[in-house]
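Lettering of chains follows the sequences in order, A, B, ..., and the numbering in each one begins at 1. These figures come from a predicted structure and were not determined experimentally.
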Number of protein chains: 2
Amino acid sequence: MSEEKSSGAVERRSGVALWRQIADAIRQAIADGEYEGMMPGEIALAARFGVNRHTVRAAIAALVEEGLLESVQGRGTLIRRQTRFTFPITRRTRFSEGLAGQSRDRDIRLVAEERIKADPVIAAALTLEPGAELLKLTLVSRADGVPVSTSINYFNAARFSGMAAAVRETGSITRAYAMLGVTDYIRLTTDLTARLADERERLLLELKPGAVVMEARAVNALPDGAPIQYAVTCFAADRVTLKLDMPV
Amino acid sequence: MSEEKSSGAVERRSGVALWRQIADAIRQAIADGEYEGMMPGEIALAARFGVNRHTVRAAIAALVEEGLLESVQGRGTLIRRQTRFTFPITRRTRFSEGLAGQSRDRDIRLVAEERIKADPVIAAALTLEPGAELLKLTLVSRADGVPVSTSINYFNAARFSGMAAAVRETGSITRAYAMLGVTDYIRLTTDLTARLADERERLLLELKPGAVVMEARAVNALPDGAPIQYAVTCFAADRVTLKLDMPV
DNA sequence: TCCATTTGTCTATTTAACTAGACAAGTTCG
DNA sequence: CGAACTTGTCTAGTTAAATAGACAAATGGA
């Protein structure tokens with residue numbers, strides 16, 4: 001839809017190598033479903049982007065390295081995967097439910113645990129006094145083995161001291177909450193932005209430099225509206241679409 | 001918050017020139033409010049990123065070109081602007097209302113007008129038969145003279161043939177609707193993703209290569225739920241934060 | 001005024017990215 | 001088989017990016 005056939009739009013002297021611009025364009029085209037099963041030949045691609053065949057080969061090599069493509073001598077270059085997960089964001093956003101039906105296995109892993117003093121912004125969001133003790137958990141969420149998002153989550157340390165253990169045991173925020181007596185929670189607000197992934201995110205999400213992340217800052221609360229969790233979640237932009245369904 | 005002091009994280013041989021990685025990091029740091037008024041000196045920055053001073057100078061030159069920084073010999077490098085607009089997305093999303101209070105003047109400009117046959121996806125979203133005639137309007141929205149977003153909008157051509165003229169005259173979608181007898185409308189659904197800006201978007205939004213856009217695909221409808229507009233909006237990610245307030 | 005600090009400019013060298021062309025080596029299909 | 005395609009590999013030359021060092025020019029404060 002809205003064609004825009006990614007018309008050989010590579011830019012020289014831009015500080016981004018041509019092979020990387022082409023790799024990005026191909027990745028996007030695949031995510032948009034522009035190709036099916038097989039890529040056009042290297043010569044055709046080179047003509048399309050207006051570059052040398054070797055430059056296209058460098059782009060393809062990067063995508064092969066990523067596991068997105070596979071080249072076979074004599075046959076051509078195959079597309080290995082292209083599914084993009086759709087992740088609903090509503091009042092009742094939950095990771096594993098959100099991706100149910102789109103992936104065989106979901107998985108949330110705790111990669112860091114820390115106790116810190118609340119800074120003013122987070123304290124205000126959680127209606128705590130600045131300097132209150134917070135539990136800070138860093139998580140990585142995967143679907144079918146592919147990292148989809150990484151999040152930094154802040155909880156009132158006094159109330160949720162067992163959260164880390166509960167997440168580790170259950171592999172789910174929702175089930176961890178349940179273990180701590182929170183049977184239901186809602187999402188109050190979400191702030192969204194997007195930018196290039198930084199070093200930490202590239203590592204956790206297995207992304208290449210130049211990859212884009214969407215950052216969502218959300219406040220979760222009890223059904224009565226009392227905030228209990230401040231979360232900064234970074235989604236790998238080329239692996240997920242966020243779906244906002246507006247309840248009529 | 002969530003510190004992550006962008007710790008000299010430049011990557012070599014990544015296909016992205018060091019000066020561009022550094023420019024991106026500085027742009028992001030400024031957007032995060034990490035510096036105030038003045039940048040650290042070139043020598044300090046070079047040490048921080050672990051590169052030669054000339055490489056930092058290349059990064060700064062790019063940001064000066066963008067209008068974000070200004071270098072003064074003998075004094076240092078000044079930060080010229082950075083406020084980021086917050087754009088609320090709710091059931092009742094409207095561009096000019098959304099930015100009221102954050103900007104002195106808003107402005108929507110019609111840059112292209114076309115009549116096309118509906119493709120299956122859009123036809124389904126608008127509950128029309130595939131092949132129905134659509135009006136396709138390309139708009140650019142600005143706040144305080146800065147391009148914030150560009151959108152491609154599809155309307156049922158039969159029902160909204162006067163839309164282009166109405167938008168041109170009123171400079172507002174909401175007021176254009178009013179001229180055509182639609183006094184109220186709601187947003188049914190929004191799909192969000194993010195990626196690098198393509199050539200067309202860079203031109204319309206005055207962005208540099210490597211800039212990130214958030215793409216929102218939305219369906220607007222009459223209060224009774226009948227869809228009337230399919231919109232693909234691209235926001236310049238470093239100029240805007242999307243705010244999702246969960247209704248009720 | 002003098003001095004320390006800042007950005008601006010220059011030359012030289014090295015390394016990565018890109019282009020060009022030729023040919024080998026596999027696959028497919030008539 | 002053999003012709004027509006594909007990707008893989010090699011050499012060679014050009015252009016852009018990054019490093020290194022030296023010094024000029026402007027600023028601000030002691």
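Taking 4.0 angstrom as the limit, B/Thr77 places none of its side-chain polar atoms (N or O) nearer than this to OP1 or OP2 of C/dT6. Considering only side-chain N and O atoms, B/Ser71 lies nowhere under 4.0 angstrom from the phosphate OP1 or OP2 of C/dT6. Residue A/Arg57 places at least one side-chain N or O closer than 4.0 Å to OP1 or OP2 of D/dG8. Remark: B/Arg12 is not in phosphate contact with C/dA16, judged by side-chain N or O atoms under 4.0 Å from OP1 or OP2.
We find that CZ of A/Arg20 is positioned 16 Å from C1' of D/dA17, with the value rounded to whole Å. Atom P of nucleotide D/dA17 and atom CD of B/Glu11 are separated by 18 Å, given to the nearest angstrom. Atom CD in A/Glu42 sits roughly 11 Å away from atom P in D/dT9 (whole-Å rounding). Computed from coordinates, the A/Leu69 CG to D/dT6 P distance equals 16 Å when rounded to whole Å. Here the C1' atom of nucleotide C/dT6 and the CD atom of B/Glu70 are 15 Å apart, to the nearest Å. Between B/Asn52 atom CG and D/dG21 atom C1' the separation is 9 Å, expressed in whole Å. Here D/dG28 presents its P atom at 5 Å from CZ of B/Arg75, a figure rounded to the nearest Å. Put simply, CG on A/Leu18 is 11 Å from P on D/dA16, counting in whole angstrom units.
Donor-acceptor pairing under 3.5 Å, judged by distance alone, is absent between the side chain of A/His54 and the base of D/dG8.
Side-chain contact between A/Glu70 and A/Arg75 is absent, with no heavy atoms from C-beta onward closer than 4.5 Å.
Checked against D/dA20, C/dA17, C/dT7, the side chain of B/Gln73 finds its nearest nucleotide in C/dT7. In the set C/dA17, D/dT7, D/dT19, C/dA17 carries the atom at the smallest distance from any side-chain atom of A/Trp19.
Donor-acceptor pairing under 3.5 Å is lacking for the side chains of A/Glu114 and A/Thr138. At a cut-off of 3.5 Å, with distance as the only test, a side-chain donor of A/Thr77 or A/Ser71 sits close to an acceptor on the other residue.
Annotation: of the two residues near DNA chain D, A/Ser14 and A/Val72, the 5′-most nearest-nucleotide partner is A/Val72.
Taking a 6.0 Å sphere around CD of B/Glu133, one finds it holds more than 12 heavy atoms contributed by other residues, nucleotides or ligands.
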Exercise. Should A/Leu69 and A/Ile30 be marked as a side-chain contact (heavy atoms from CB on, under 4.5 Å) after you check the CA-CA gap, both sets of side-chain angles, and the distance that decides it?
Worked result: CA-CA 10 Å; A/Leu69 297 179; A/Ile30 291 174; 3.8 Å; yes
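In this structure, B/Arg53 reaches the bases: a heavy-atom distance under 4.0 Å links it to at least one base atom across the strands shown. Contacts of B/Arg13 with the nucleic acid, taken as non-hydrogen atoms under 4.0 Å apart, involve only primed sugar atoms and P, OP1 or OP2.
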